[in-house]
Amino acid sequence: MSELIGAPRGVYDILPEEAEQWQWLESRLKHVIHLAAYREIRVPIFENTDLFKRGVGETTDIVNKEMYTFLDKSDRSITLRPEGTAGVVRAYLSNGMHRLTPPVKLWYFGPMFRYERTQAGRQRQFHQIGIEALGSSGPAIDAEVILIANDCLEAVGIKDCRLELNSIGCTDCRPRYRDLLRQTLEPKLPLLCEDCKERFERNPLRMLDCKVETCQAQFVNLPSTIAELCQPCKEHWDGLLSALEQTGLKPVLNDRLVRGLDYYCRTVFEFITTDKRLGAQSTVCAGGRYDYLIETLGGTRTPAIGWAMGLERVRIISDAPSGSGPSVFAVSCDEKAALSIATRLRREGISCDLDFAPSGKPRGLGKQMEKANKTGARFAVIQGEDELASNTISIKDMKSGEQTRIPAQELVPFFSGKVGTPAN
RNA sequence: GCAGGUGUCGCCAAGCGGUUAAGGCCCUGGAUUGUGGUUCCGGUAUGCGCGGGUUCGAAUCCCGUCAUCUGCCCCA
């Protein structure tokens with residue numbers, strides 16, 4: 001035997017039991033999103049590197065240290081997408097979707113790639129589902145987008161999740177706030193960590209969510225992002241709060257929430273769980289408004305907002321069930337007879353499995369029954385020597401143990417109404 | 001990129017320097033040559049992540065390496 005080749009670090013296989021949970025999750029999430037009239041868009045999983053550099057931002061960690069970037073055979077720099085929004089916006093522009101009636105409401109699902117240290121709830125290939133609403137600037141669409149995220153989480157059984165919300169202003173008021181922050185913090189600069197000193201120069205807002213205690217100790221009585229919003233941003237913020245209030249969704253206002261990607265403005269939010277199964281990770285969904293991104297990527301100024309949800313994390317804290325066994329298991333001393341029974345049932349939408357012996361020779365009925373039991377089939381359909389001779393079929397209810405014999409041609413009618421189509 | 005933990009059968013796991021490496025699950029065969037879920041019996045690692053070293057002797061000690069987990073940074 002040759003040496004085994006393992007999977008690369010940070011990727012993993014989704015085995016059948018878990019894959020069934022994924023199908024359950026995906027179908028429920030899709031359903032919620034479709035109810036709000038968002039339509040699916042499928043975009044490539046790799047793009048030109050510049051798209052992410054420009055879109056996500058040169059100063060972000062994602063671009064600086066987490067991208068899977070390589071040269072293709074023609075020396076083009078290609079990057080495996082680290083997030084979904086940049087690609088969706090690129091597709092929106094590439095395909096002239098800006099001419100559609102706004103807002104253009106889209107959703108996507110698929111793998112994302114980030115070169116990071118792996119740990120609980122974090123891998124190098126992971127999956128996000130996300131929505132984007134392009135072309136509407138009012139607070140109502142912000143509320144819609146947030147409410148959909150909330151309903152998605154509820155639809156998969158996630159309860160202990162809080163919504164943190166903030167506004168980080170626009171190109172008018174954010175520079176003012178940034179200067180104010182710099183002024184306030186300048187005297188304390190020597191007391192802060194190296195990262196914060198760096199952030200002070202490049203992106204002062206990022207200092208606010210520094211995890212270093214000695215830094216946070218210096219960050220008391222700082223000016224609040226909300227208090228410094230300009231009039232239009234303030235109106236937008238108030239509009240969002242009242243829209244959310246009308247739906248009964250209660251956000252936790254957090255004026256330290258700033259988010260890591262450069263393209264956000266005004267509304268930013270995160271859904272955060274306290275479920276300890278996620279280890280150090282707690283954010284399951286995050287997003288915000290990105291009114292300048294489309295322009296940055298070569299379009300005309302277009303307001304937009306969206307979020308992304310990490311499905312690995314969501315699965316762990318959801319109550320996704322794995323699939324159940326077939327409705328029927330066909331048992332026979334003759335494999336061809338069993339297959340023929342299975343086929344008749346399958347064509348009527350009734351799931352049915354049978355035993356395929358490793359040796360190629362049918363195993364005893366006892367062994368087959370054992371297997372029927374193990375697969376969790378609701379009924380066993382038995383056609384042994386007797387049944388074959390009399391053109392009948394025995395049907396055994398695997399729960400009660402009751403068994404009845406019916407004419408072979410009544411097989412399908414017997415089951416109609418008794419069992420459904422396969423679960424998912 | 002940094003800091004720790006762990007690596008024995010497909011899975012869980014005992015062993016902690018001495019001769020044939022427990023056990024459980026799963027899988028598989030049989031008791032039961034036409035009937036499952038209980039029970040009983042049998043089979044399944046010449047091997048202890050990999051490479052070196054110490055030793056009369058190593059899964060057990062040391063070094064390196066790889067993988068994995070946990071945390072930091074950051075993020076979904």
Side-chain angles (χ1 to χ4, degrees), chain A residues 3-12 15 56 59-66 82-85 109-130 149 152-153 193-196 198-199 206 209-213 258-261 269-273 276 278-287 306-317 329 331-334 355 357-359 362-377 379-389 394-403 405:
Chain A
E3 203 183 337
L4 289 174
I5 298 174
R9 158 168 266 187
V11 303
Y12 69 109
L15 303 179
V56 179
T59 64
T60 62
D61 276 13
I62 288 180
V63 169
N64 280 315
K65 51 180 211 186
E66 295 174 0
E83 57 98 53
T85 302
F109 165 75
M112 306 292 163
F113 304 84
R114 261 126 84 163
Y115 192 89
E116 295 187 278
R117 258 349 255 216
T118 56
Q119 58 178 262
R122 192 180 203 166
Q123 36 279 129
R124 289 182 175 176
Q125 175 179 308
F126 61 102
H127 297 77
Q128 289 186 333
I129 191 167
C152 278
L153 294 172
C193 71
E194 288 310 307
D195 285 338
C196 276
E198 174 75 11
R199 292 178 185 126
R206 301 303 314 281
D209 62 1
C210 179
K211 307 297 184 299
V212 178
E213 277 186 33
V258 295
R259 311 281 309 128
L261 283 54
F269 58 91
E270 289 185 5
F271 283 85
I272 297 173
T273 179
K276 49 266 159 251
L278 283 186
Q281 271 55 244
S282 58
T283 302
V284 294
C285 175
W307 52 251
M309 194 175 279
L311 270 282
E312 274 78 3
R313 292 179 186 180
V314 165
R315 184 191 68 82
I316 290 169
I317 63 172
F329 196 95
V331 169
S332 177
C333 51
D334 176 1
D355 187 41
S359 69
R363 298 195 275 196
L365 295 194
K367 283 294 163 196
Q368 294 189 42
M369 288 301 294
E370 218 173 276
K371 178 143 184 180
N373 183 55
K374 232 176 307 192
T375 60
F379 294 95
V381 162
I382 304 155
Q383 196 168 43
E385 307 283 358
D386 289 0
E387 286 88 349
L388 282 170
S394 293
I395 294 171
K396 182 165 187 172
D397 183 318
M398 295 300 279
K399 262 193 200 128
S400 66
E402 278 172 49
Q403 186 166 326
R405 194 185 282 210

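Here is how names work: the chains are called A, B, and so on, in the same order as the sequence lines, proteins then strands, and each is numbered from 1. The structure presented is a predicted model; accordingly, all values stated were derived computationally and were not measured. These numbers come from the heavy atoms of this one structure, side chains and all, not from hydrogens, waters or symmetry mates.
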Classify the nucleic acid contact of A/Gly130 as base, sugar-phosphate or nothing, counting any heavy atom under 4.0 Å across all strands shown.
nothing

Inter-nucleotide P distance (B/U55, B/G43), Å rounded:
40 Å

Quick one: do A/Arg259 and A/Glu270 make a salt bridge, cutoff under 4.0 Å?
yes

Heavy-atom side-chain proximity of A/Pro82 to A/Glu66 below 4.5 angstrom:
no

At less than 4.0 Å, is any side-chain N or O atom of A/Arg117 found next to OP1 or OP2 of B/A67? Yes or no.
no

Chi class for B/G47: syn within 90° of 0, otherwise anti
syn

Determine the contact category for A/Ala372: base if any of its heavy atoms lies under 4.0 Å from a base atom, sugar-phosphate if only primed atoms, P, OP1 or OP2 are that close, otherwise nothing.
nothing

Which part of the nucleic acid, if any, lies within reach of A/Lys371 when heavy atoms closer than 4.0 Å are counted: base, sugar-phosphate only, or nothing?
nothing

Separation of A/Gln119 atom CD from B/C73 atom C1', in whole Å?
10 Å

How is A/Gln123 classified with respect to the nucleic acid when contacts are heavy atoms under 4.0 Å: base, sugar-phosphate, or nothing?
base

NA contact type, A/Met398, heavy-atom cut-off 4.0 Å: base, sugar-phosphate, or nothing?
base

Using the P atom on both, measure B/C12 against B/G30 and round to a whole Å.
30 Å

Which is true for A/Gln403 with a 4.0 Å heavy-atom rule: it touches a base, it touches only sugar-phosphate, or it touches nothing?
base

Test side-chain hydrogen bond (donor to acceptor under 3.5 Å, both in side chains), reference A/Glu116, set A/Arg124, A/Arg122, A/Lys65, output is A/Arg122

What does A/Arg259 touch in the nucleic acid at a heavy-atom separation under 4.0 angstrom: a base, only the sugar-phosphate, or nothing?
sugar-phosphate

When rounded to the nearest Å, what value does the distance between C1' atoms of B/A13 and B/U6 take?
14 Å

Using a heavy-atom cut-off of under 4.0 Å over every strand shown, decide if A/Glu385 touches base, sugar-phosphate, or nothing.
base

Residue-phosphate contact under 4.0 Å: A/Lys367 side-chain N/O, B/U35 OP1/OP2
no

Base, sugar-phosphate, or nothing: which does A/Glu387 touch, judged by heavy atoms less than 4.0 Å apart?
base

Describe the nucleic acid contact of A/Gly364 in one word from base, sugar-phosphate, nothing, applying a heavy-atom distance below 4.0 Å.
nothing

Before accepting this row, confirm whether a basic side-chain N of the pair A/Asp355/A/Arg363 lies closer than 4.0 Å to the acidic partner's carboxylate O.
yes

By nearest-heavy-atom nucleotide on RNA chain B, the more 5' of A/Ala308 and A/Ser394 is A/Ser394

Measure from CG on A/Leu153 to P on B/A76 and round the result to the nearest Å.
14 Å

Euclidean distance for C1', B/C75 against B/G51 (whole angstrom):
37 Å

Quote, to the nearest angstrom, the C1' distance that separates B/C9 from B/A21.
11 Å

Looking for any heavy atom pair under 4.0 Å, which part of the strands does A/Glu116 touch: base, sugar-phosphate only, or nothing?
base

Using OP1 and OP2 only, check whether a side-chain N or O of A/Arg363 sits under 4.0 Å from B/G29.
yes

Do the side-chain N or O atoms of A/Thr118 get closer than 4.0 angstrom to the phosphate oxygens (OP1, OP2) of B/C69?
yes

If you find the nucleotide of RNA chain B closest to A/Arg405 and the one closest to A/Ala280, which residue's nucleotide is nearer the 5' end?
A/Arg405

Work out how far the C1' atom of B/C61 is from that of B/A45, and round it to whole angstrom.
24 Å

Determine the Euclidean distance between corresponding P atoms of B/U60 and B/C72; express it in Å to zero decimal places.
33 Å

For atom P, what is the distance between B/C40 and B/C16, given to the nearest Å?
29 Å

